[in-house]
Amino acid sequence: MAKELTTRVENYSQWYNDLVIKAELADNSAVRGCMVIRPNGYAIWEKMQAQLDKMFKETGHVNAYFPLFIPKSFFSREASHVEGFAKECAVVTHYRLKNSPDGKGVVVDPEAKLEEEYIVRPTSETIIWDTYRTWIQSYRDLPILVNQWANVVRWEMRTRLFLRTAEFLWQEGHTAHATREEAITETEKILDVYADFAEKWMAIPVLKGLKSPNERFAGAVETYCIEALMQDGKALQAGTSHFLGQNFAKAFDVQFLNKENQLEYVWATSWGVSTRLMGALIMSHSDDHGLVIPPKLAPTQVVIVPIYKTDDQLKQISEKVVEIMAALRSKGITVKYDDRDTFKPGWKFNEHEFKGIPVRIAIGPRDLENGTVEVARRDTLEKSVYQITDLETKIEHLLESIQQNLYQKALAFREENTFKADTWDEFKRILDTTGGFISAHWDGTPETEQKIKDETKATIRVIPLNNKQEEGKCIYTGNPSKQRVIFARAY
RNA sequence: CGGGGUGUAGCGCAGUCCGGUUAGCGCACCUGGUUUGGGACCAGGGGGUCGAUGGUUCGAAUCCAUUCACCCCGACCA
């Protein structure tokens, strides 16, 4: 399998598309805008899921499952919510097919029209809050801390594998609280979980903060987010956590009796990350040689390639490899032995490099004599010879150091590509040259943000938490501003 | 949804303008042999309703119409 990969400088977006397909992470499907996630890609998603799920459970959440379909009328209950999603909803109108009168295939049976149409969930707030009404009577029923792993559908006009697909996989947390403070605390707690996951597991540094009103979730009082910077200088929203206030409780009449025996509306949050994280992972670390996957999320962390001329040599090497694998596994390292006889070592090297396996061990007759192996790390492409003694500890440390290095590299990149702009010319020049995050003053009005977007395609990605307050002048209008916010062009 | 581009073997392409034997090439695939520490070599071989549908024609990958998918740019959106 010859893998020709467009280079990043040549065409970043083509590089990404090529990589996703050639590394067999995902394919386009027969359904417009929907992808097939292939085993290589799904294995990474499963590792993300497992870790996130663990973190949700550790913070007191439980999993549940709500229906794929939502009665259409539910949607109109919360005004800004319907406004945000109406334009991208798939609608189910019938429940039956019948043989076509002309004998060719099947047609929708007009007799089987639904009384009330269903929409395919673009997110589940409405169906969940309709359900919560029946779960909640008293403050003793609170909080409810539920998460669901699900697919959702948003009928996007322009799609890209993982980054924006019509159907995607995600988790959505939906919590209900007795007080505003508790709900806000929950929203922020989840934001920390997301940021932690992004940095420690995906090795992607993220900015934590608030969205501007323009970028806020439809139906939220406040949207918190983590925002990452990709190698082409564009920002990617990697996760959002919403403080929903009492908007959905009011729309779905969810009230509880407090300790003083008074009825109050419930306070809500919702939060999610999706398969879009796969896109973030790919674009953050990978290079012109193919995928680079941080060890903590790599389905296979170590691959062993034997180098031999004769069957006898292979046999001797394999005996050694069995020992090495057992030792590595004792440290919890996932390892594969690539002893396929149908490919040459050089071919395998390239293949595993392309697929992003963090560490490759090569072992041949020379190594058997010397008690060594050749170890290559994917992040730097460096090769070195290791004594086989205590190899599992050395590899364990190597994996940790790769994980660290990827994070440090991404962090350094972000720092090199975060700029302060104090004039409009400077602002535009940065966008047109390097891209990246731009820290600039903004007068705080949605109108100004919109105008900046119209002229430059840049939006406010995040208003950092605990943002430094400083007097300044809006980059666009020159009106007084109290703080800098982060602008960028975004995915 | 608007503008542009591309659909020919698993992948990448030529052939289309100017219709005419059996539709080619590279990689991949299969068989045999030699090989194996960074994508091996030689020989032989298999694989195509030319995106789909309809039309023009004695004859269509090629001309016409419709349609579908994908890519790029815009609009929309998170």
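These values consider heavy atoms only, across backbone and side chains, with no hydrogens, waters or symmetry-generated copies. So that the names make sense, note that chain A is the first sequence line, chain B the second, and so on, each numbered from 1.
Nucleotides B/rG19 and B/rA60 are separated by 14 Å at their P atoms, to the nearest Å. A gap of 39 Å separates the C1' atoms of B/rA75 and B/rA9, to the nearest Å. Across B/rG74 and B/rU57, the matching C1' atoms stand 41 Å from one another, rounded to whole Å. Here, B/rU8 and B/rA61 have their C1' atoms 7 Å apart, quoted to the whole Å. Between B/rA43 and B/rA28, the two P atoms lie 15 Å apart (nearest whole Å). Atom name C1', nucleotides B/rG47 and B/rA40: the rounded distance is 24 Å, in whole Å. Rounded to whole Å, the separation between the C1' atoms of B/rU49 and B/rG37 comes to 48 Å. As rounded to the nearest Å, B/rC73 and B/rC64 have P atoms that lie 29 Å from one another.
Here A/D232 does not pair with A/K234 in a salt bridge; the nearest charged N to carboxylate O distance is not below 4.0 Å.
Rounded to an integer number of Å, the gap from A/W347 CH2 to B/rC41 C1' is 18 Å. Atom C1' of nucleotide B/rA40 and atom CG of A/D341 are separated by 14 Å, given to the nearest angstrom. Per the geometry, CZ belonging to A/F168 stands 11 Å off C1' belonging to B/rC77, to the nearest Å.
Taking only side-chain nitrogens and oxygens, A/K457 comes nearer than 4.0 Å to OP1 or OP2 of B/rG74. Using a 4.0 Å cut-off, no side-chain N or O of A/N17 falls inside it from OP1 or OP2 of B/rC70. Of the side-chain N and O atoms in A/K87, one or more sit less than 4.0 angstrom from OP1 or OP2 of B/rC77.
Checked against B/rU36, B/rG39, B/rC72, the side chain of A/S13 finds its nearest nucleotide in B/rC72. Picking from B/rG39, B/rG38, B/rG74 the nucleotide with the shortest atom distance to the side chain of A/R158 gives B/rG74. Across B/rU36, B/rC77, B/rG38, the shortest atom-to-atom separation from the side chain of A/F349 is found for B/rG38. Considering only side-chain atoms of A/R32, the nucleotide from B/rU36, B/rC70, B/rG38 that sits closest is B/rC70. For A/K344, counting side-chain heavy atoms from C-beta on, the closest listed nucleotide (B/rC71, B/rG37, B/rC77) is B/rG37. Among B/rU36, B/rA69, B/rC29, the nucleotide with an atom closest to any side-chain atom of A/F343 is B/rC29. Closest to the side chain of A/N28, out of B/rU36, B/rC70, B/rG74, is B/rC70. Picking from B/rC71, B/rC76, B/rU36 the nucleotide with the shortest atom distance to the side chain of A/Q14 gives B/rC71.
The aromatic ring centroids of A/F75 and A/H81 lie less than 6.0 Å from each other. For A/F74 and A/Y118, the ring centers are positioned 6.0 Å apart or more.
Counting non-hydrogen atoms under 4.0 angstrom, A/Q237 reaches the backbone sugars and phosphates but no base. Among the protein residues, A/E353 comes within range of the nucleic acid bases, having at least one heavy atom under 4.0 Å from a base atom. Using a 4.0 Å heavy-atom cutoff across all strands shown, A/G33 reaches sugar-phosphate atoms only and no base atom.
The partner of B/rG44 is B/rC30, by the rule that a Watson-Crick or G-U pair needs both atom distances under 3.5 Å. In this structure, B/rG37 forms no base pair with any nucleotide, since neither Watson-Crick nor G-U wobble geometry is met with both distances under 3.5 Å. Using Watson-Crick or G-U wobble geometry with both donor-acceptor distances under 3.5 Å, B/rC63 finds its partner in B/rG55. Of the nucleotides present, B/rC73 is the one that pairs with B/rG2 by Watson-Crick or G-U wobble criteria, both distances under 3.5 Å. Partner assigned to B/rC25 is B/rG12, using Watson-Crick or G-U wobble distances below 3.5 angstrom.
For A/D454 and A/T310, each mapped to the nucleotide of RNA chain B holding its nearest heavy atom, the one lying further toward the 5' end belongs to A/T310. When the nearest nucleotides of RNA chain B are assigned to A/R154 and A/N350 by heavy-atom distance, the more 5′-ward of the two goes with A/N350.
Only A/R360, A/A362, A/G364, A/P365, A/R366, A/D367, A/E374, A/K383, listed by number, bring a heavy atom of residues 359-391 of chain A to less than 4.0 angstrom from any atom of RNA chain B.
Residues A/T223 and A/H242 have side chains that bring a donor and an acceptor to within less than 3.5 angstrom of each other. With hydrogens and angles left out, the side-chain atoms of A/Y476 and A/E455 include a donor and acceptor closer than 3.5 Å.
Atom-to-atom distance recorded for A/T269:OG1 and A/H174:NE2 is 8.5 Å, nearest 0.5 angstrom.
Below 30°, between 30° and 60°, or above 60°: for A/F252 and A/F248 the angle between ring planes is below 30°, a parallel geometry. Ring geometry, A/W15 versus A/Y12: the interplanar angle falls from 30° to 60°, so the pair is classed tilted.
Both the sub-6.0 Å distance and the 45° axial angle are satisfied by A/R360 relative to the ring of A/F349.
For the side-chain contact (heavy atoms from CB on, under 4.5 Å) test with A/W442, the passing option among A/I486, A/I463, A/I475 is A/I463; the others fail.
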